[in-house]
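The next block holds one structure in the form of structure tokens; read it before the comments.
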Amino acid sequence: MDALMQFIFSGLTVGAVYALVALGFTIIYNASDVVNFAQGEFVMLGGMITVFTFEAGLPLPLAALIAIFVTSAVGVALNKLAIEPARGAPVVSLIIITIGASIFIRGAAQIVFDKQLHRLPSFSGDEPIHMLGATILPQSLWVIGGALLVFVGLYLFFTRTLTGKAVLATANNRLAAQLVGINTGFMMTLSFALSAAIGALAGVLVTPITLVGYDIGVALALKGFAAAMLGGMGNPKGALAGGLLLGLFEALTAGYISSQYKEAVAFIVILAVLFVMPQGIFGEKKTERV
Amino acid sequence: MTCRRKWIQISIIAAIMLVLPFFFPSGYYYRVGALVFVNALSVVGLVILVGYAGQISLGHAGFAGIGAYACALAPTHLGLHPAVAILLGALISAALALLIGRPILRLKGYYLGVATLGFGILVSMVLSNERALTGGPDGMSVPDLGLRSLLRDMGWRISGGEFWYGLNAVVLLIGIWIALNLYQSATGRAMRALHGSEVAAQTVGIDVPRIKLQAFVISAVYASVAGSLLALQNGFITPEVAGFMHSVEMVTMAVLGGVGSVLGATLGAAILTLLPQVLTVFAEYEQLVLGLIMVLVMIFLPRGLLPSIVAKLRGRGE
């Protein structure tokens, strides 16, 4: 029982990171119908920039803010320079563009920063908290709390604010949104900035636990993508649930079956979900127009 | 495409293959050329899946991995000749593609992408985790094909590089010939029809799931044979051959050159294989340049290099 609780805690921590990546995916997918394979690089940038500005002597909160801001700028640049010019291109081209962009960002990071692994100090100490017969690191609570906070924030933004509703309108029908006076170009910029900022935040929160290096992005992008799929592409609730579920699956597999194959099980679960419910858990059924 | 144009395409490639060695400054370039041909072979397979049938796969390196490890494992564990191991690998790849193809190919777009991606990652994970059998991430050695010593006994002495350059060139030409024939066949026309519109293809009586499955299995066999040849010519193999980045490279080569055309795909394979060789001087910037090329080509030449160039030339000619 104690072991189970322990696995659940570690699963929720990892799952929260996947959920943040998946939420970032969801925002960009909703706004532009693009699956952004460079999403994992935002997490990497968030972690790396924080580490380097922090080591340069800035206080941690300021370093984190700078990292999130710079990463948002990278997100906006990605949209302006790579996604916007290829509007209307087939899915294969868009996949290659975002994968190309992710390789580019990784290559740039390895030149600007370095190829070492880095870590940050935990925000509130390393004293484990005893809870329900298991222990959890305070930093894990930061990660889980961060994911929940971002989710609630996004929910309120999209349902309670005019700007949020304008983003949804743009996602739903770009032309119609333009006709009612929405600045759709700005909404796209905003979506990419927001998505990159969330990715960077995930990087800041998780670096004290898992370390950061220039090449952590690929695995995170794949997991986050898988999580978004699991929950149903384009659905923020699905992204959160998919991320947490994926983290739990991995942790339980690592604990009870084989730690080598924990990532395999994640992909097996995803394949199974795709076969049984091709739209994911929360996705809506779509019919194709002829 | 008429029958004559098919032979013109094949002759052009064969002529280039024959003439190129005269410009090689050293024997090393035979190795590079052999690598280009192997990559081109798997990319021609992808042209059938992506270019003809309009599907996508981000996990085809998985089949290359199966072909490669078949050549590494079957000779030592089953006592098979490496040449037979190539066939065994192709058979296993085809069977696996048949098995997973039906449920996977119901999916579309990004969902199909992630499902194939998941398959590829599973294969590479098995290859790197089953250390007892595959040697894990460190890889394992692959026995010699034995064909070169056979030639030597017949009095024909050629270097390893020359041998693989020649063999891979022949295999690639056969692969291209099959792909071009397929393009004109009823099956090929059905593939192109469902690429245009699945619903329309269905209404004229095309068995859409079946045709998709055929394209998937054929391209899997191409990837598997290419993986086998790669393993045999290097004499060594690591699970990276089945990795996600290899799958991405394959799709990029296909799309870079022009996924609708076999010739273009060969060109794409050549460029992306040569690029790292050229960039070794700036090894630091290799990823940066590769990423940049992928983005720029997709934005400015969305149909790929060769079709865009041809379109431009034709436009000027008229």
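Each chain gets a letter, A, B and so on, in the order the sequences are listed, and its residues count up from 1. Side-chain atoms are counted along with the backbone in the values below, which use heavy atoms only and exclude waters and symmetry mates.
- Counting heavy-atom neighbours within 6.0 Å of B:Tyr285 OH, excluding the residue itself, gives a total of 12 or less.
- Heavy atoms of B:Val259 lying under 4.5 Å from chain A are absent altogether.
- In terms of non-hydrogen atom pairs under 4.5 Å with chain A, the most contact-rich of B:Leu292, B:Ile293, B:Leu290, B:Val255 is B:Leu292.
- At a 4.5 Å heavy-atom cutoff, B:Arg102 makes no contact with chain A through either its backbone or its side chain.
- Among A:Gly100, A:Gly107, A:Ala101, the residue with the largest count of heavy-atom pairs under 4.5 Å with chain B is A:Gly100.
- A:Phe37 is listed as a side-chain neighbour of B:Leu58, based on a closest heavy-atom distance under 4.5 Å.
- Proximity to chain A is limited to the side chain of B:Val248, based on heavy atoms less than 4.5 angstrom apart.
- There is no contact between B:Phe300 and chain A, counting heavy-atom distances below 4.5 Å.
- Neither the backbone nor the side chain of B:Leu296 comes within less than 4.5 Å of any heavy atom of chain A.
- When side chains are defined from C-beta on, B:Met294 does not count as touching A:Phe104, because their heavy atoms never get closer than 4.5 Å.
- Heavy-atom distances place the side chain of A:Leu271, and not its backbone, under 4.5 Å from chain B.
- Other residues, nucleotides and ligands place no more than 12 heavy atoms under 6.0 Å from the CD atom of B:Glu240.
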As a quick check of understanding, evaluate side-chain contact (heavy atoms from CB on, under 4.5 Å) for B:Gln287 and A:Tyr214, giving each step before the final call. CA-CA 12 Å; B:Gln287 288 208 317; A:Tyr214 80 100; 4.2 Å; yes
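- For the set B:Val295, B:Asn129, B:Ile299, B:Leu288, the entry with the most heavy-atom pairs within less than 4.5 Å of chain A is B:Asn129.
- For a residue to count as touching a neighbouring chain, one of its non-hydrogen atoms must lie under 4.5 Å from one of that chain's; by this rule A:Leu222 touches chain B with the side chain only.
- At a 4.5 Å heavy-atom cutoff, the contact between B:Leu122 and chain A is made by side-chain atoms alone.
- Looking only at side-chain heavy atoms (C-beta outward), B:Tyr110 and A:Tyr29 come within less than 4.5 Å of each other.
- Taking CD1 of A:Ile103 as the reference point, atom CD of B:Glu249 lies at 8.0 Å (rounded to 0.5 Å).
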